[in-house]
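This report concerns only the one structure given below.
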Amino acid sequence: MAARKTRPYVAVTRRLPAPVEARMGELFDVRLNPDDHRMDRDELIRLMQQSDVIVPSLSEKIDAEMLDQAGGRLKLIANYGAGVDHIAVAAARKRGIMVSNTPGVLTEDTADMALALIIAVTRRLAEGVAVMQAGDWEGWSPTAFLGGRLGGRKLGIVGMGRIGRAIARRARAFGMEVHYHNRTRLRRETEVELGAKYWDSLNQMLARMDIVSVNVAHTPATFHLLSAQRLKLMKPSAVVINTSRGEVIDENALTRMLRAGEIAGAGLDVYEQGHEANPRLRNLPNVMLLPHMGSATVEGRIEMGEKVILNVQTFADGHRPPDLVLPGMM
Ligand code: 8YV
């Protein structure tokens with residue numbers, strides 16, 4: 001690709017941290033969204049028609065039909081985030097539009113949040129907080145709020161990518177037994193370093209775990225990977241943690257089982273319907289729900305912005321963006 005002389009026209013769909021927006025303004029002709037409104041399809045299509053680069057977040061679905069109407073100007077979708085399941089990557093590629101993401105910079109923060117949920121659910125933090133906030137605490141009792149000990153518990157990590165491995169390292173420090181299932185087995189040295197036992201069979205692993213953490217990307221192959229049938233394999237004392245994507249778990253089945261006491265608890269940061277959790281999950285004492293805040297740190301959000309800028313700048317300089325996503329890669 002020949003080097004471009006003009007600055008690319010870059011449209012950003014959501015408000016980003018101020019230093020990121022400022023730097024973008026220095027480097028590119030940038031169109032921001034200062035009131036952070038959620039754009040509908042038509043507004044997104046218009047933006048794509050007018051821009052060389054669009055910087056969406058997971059709140060903007062970009063499907064093949066929209067790309068059909070995007071016109072010929074758009075050359076790069078530089079996603080602000082690691083997951084790209086909201087973007088029709090293969091359709092974009094067919095139309096000569098590149099897609100990039102921001103891997104790596106949200107690994108540690110998301111792993112921290114997974115551990116926070118593991119601890120919160122296992123040690124019943126939500127119930128303790130609720131009692132204190134209501135002013136209902138009747139004083140210490142030897143048998144009140146008894147949770148489980150983390151040390152010795154079996155943690156099964158479904159998806160041992162960057163985030164799965166970062167969770168394994170933390171879990172080990174808490175004395176947990178780490179198990180994992182993954183498309184491909186890790187190298188022996190990595191397994192030894194993480195103290196992680198590989199399960200070729202997801203079903204067999206699920207049946208034996210005390211805590212299951214979901215850390216696979218959402219793809220057609222992982223949709224409802226934790227199906228009703230698979231959830232039924234789990235011990236009734238087990239806990240499910242999801243900081244990945246809601247679609248990987250059959251949320252209705254999980255809800256039914258939590259309510260019936262067939263699964264002991266859940267810590268969820270993500271939901272099948274995006275920003276709507278199944279209402280029947282609310283107010284369950286054994287369930288902690290968070291509003292998709294796994295990677296929500298000031299540092300992480302700035303580093304995500306820096307990654308986007310690097311991808312856009314590299315593209316503008318006529319090279320392949322370093323975090324190019326190819327169809328079927330996730
Ligand atoms: C981010 C995420 O908040 O990067 C991802 O895939 O799920 C998140 O943690 C999100 O991407 C921001 O767009």
Side-chain angles (χ1 to χ4, degrees), residues 10-21 24 32-33 36-39 44 47 53-63 76-89 92 99-117 158-167 213-220 222-223 225 241-249 251 267-277 289-312 321-326 329-330:
V10 179
V12 182
T13 62
R14 300 299 301 269
R15 193 171 58 221
L16 301 182
V20 173
E21 292 191 344
M24 284 182 163
L32 301 172
N33 176 5
D36 201 32
H37 67 278
R38 283 174 181 267
M39 298 183 179
L44 285 169
L47 266 190
V53 179
I54 187 166
V55 180
S57 300
L58 62 81
S59 45
E60 288 78 45
K61 190 174 164 59
I62 299 181
D63 59 30
L76 173 66
I77 302 172
N79 187 50
Y80 184 79
V84 290
D85 51 328
H86 55 297
I87 301 171
V89 177
V99 177
S100 65
N101 67 345
T102 62
V105 290
L106 32 76
T107 303
E108 305 301 325
D109 297 327
T110 308
D112 287 346
M113 194 57 95
L115 259 292
L117 285 170
V158 181
M160 203 60 149
R162 288 188 185 87
I163 296 173
R165 294 197 298 269
I167 292 171
S213 174
V214 172
N215 301 103
V216 284
H218 167 224
T219 67
T222 63
F223 177 77
L225 186 65
I241 305 295
N242 191 1
T243 51
S244 169
R245 282 292 182 272
E247 291 91 332
V248 181
I249 304 181
E251 190 175 299
L268 307 175
D269 190 39
V270 286
Y271 308 94
E272 258 196 88
Q273 303 303 324
H275 60 277
E276 274 170 67
L289 305 179
L290 294 178
H292 198 152
M293 52 195 275
S295 68
T297 66
V298 173
E299 296 85 347
R301 290 284 185 260
I302 290 176
E303 288 171 15
M304 284 163 70
E306 285 166 356
K307 278 234 150 197
V308 167
I309 291 170
L310 185 65
N311 280 301
V312 176
D323 302 306
L324 190 67
V325 179
L326 297 173
M329 194 167 113
M330 304 294 269

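All values below come from the heavy atoms of this structure, side chains included, with hydrogens, waters and symmetry mates left out. Note that ligands are numbered from 1 as they come in the structure, with each ligand's atoms numbered from 1 the same way. The first residue of the sequence shown is numbered 1, and numbering continues consecutively from there.
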- Run the side chain to side chain contact (heavy atoms under 4.5 Å, CB included) check on H275 and V270 step by step: do they pass? CA-CA 8 Å; H275 60 277; V270 286; over 6 Å; no
- Numbered atoms and elements of ligand 1 in range of Y80, under 4.0 angstrom, heavy atoms: 11 (O), 12 (C), 13 (O)
- Message: Please check whether H292 reaches ligand 1 - meaning an N/O of the residue sits under 3.5 Å from an N/O of the ligand, judged on distance alone.
- Response: yes
- Of the protein's non-hydrogen atoms, which lies at the shortest distance from atom 10 (C) of ligand 1, and what is that distance? L58 CD2, 3.4 Å
- Message: Taking salt bridge (Lys or Arg N to Asp or Glu O under 4.0 Å) as the definition, give me every residue that meets it alongside E108, ordered by chain and number, with sequence neighbours left out.
- Response: R170
- Per-atom contacts of ligand 1 with S57, taking only distances under 4.0 Å to non-hydrogen atoms: 13 (O)
- Message: If we set the cut-off at 4.0 Å for heavy atoms, which region of N79 has an atom near ligand 1: side chain, backbone, both, or neither?
- Response: neither
- Query: Which of the atoms in ligand 1, numbered in the order shown and given with their element, are less than 4.0 Å from a heavy-atom of G83?
  - Reply: 4 (O), 5 (C), 6 (O)
- Message: Consider side-chain contact (heavy atoms from CB on, under 4.5 Å). Of V248, I167, V158, which one does N215 pass it with?
- Response: I167
- Any residue meeting salt bridge (Lys or Arg N to Asp or Glu O under 4.0 Å) with D109, in chain and number order, not counting sequence neighbours: none
- Task: Take R301 and S295, measure what side chain to side chain donor-acceptor pair (under 3.5 Å) needs, and give me the verdict at the end.
- Result: CA-CA 8 Å; R301 290 284 185 260; S295 68; 2.7 Å; yes
- Query: What atoms of ligand 1 come within less than 4.0 Å of a heavy atom belonging to R245?
  - Reply: 2 (C), 5 (C), 6 (O), 7 (O)
- Item | Candidate with minimal heavy-atom separation from atom 1 (C) of ligand 1, of G81, G300, P56, S295 | S295
- ligand 1 atoms in contact with R301 (distance to a heavy atom under 4.0 Å): 1 (C), 3 (O)
- Item | Non-hydrogen atoms of G305 and V20 that approach each other most closely | CA-CG1, 3.6 Å
- Message: Quiz question: by atom type and distance under 3.5 Å, do the side chains of N79 and H86 form a donor-acceptor pair?
- Response: yes
- Message: Which heavy atom of P103 sits nearest to which heavy atom of R162, and what is that distance?
- Response: CB-NH1, 3.5 Å
- L106 heavy atoms, cut-off 4.0 Å: which ligand 1 atoms fall inside? 4 (O)
- Query: How does H86 reach ligand 1, if at all, at less than 4.0 Å between non-hydrogen atoms: by side chain, backbone, both, or neither?
  - Reply: neither
- Query: Any N/O of A82 closer than 3.5 Å to an N/O of ligand 1?
  - Reply: yes
- Step by step, would you call D323 with N101 a side chain to side chain donor-acceptor pair (under 3.5 Å)? CA-CA 6 Å; D323 302 306; N101 67 345; over 6 Å; no
- Task: Run the contact test for R14 against ligand 1 with a 4.0 Å cut-off on heavy atoms, strictly below, and give the result.
- Result: no
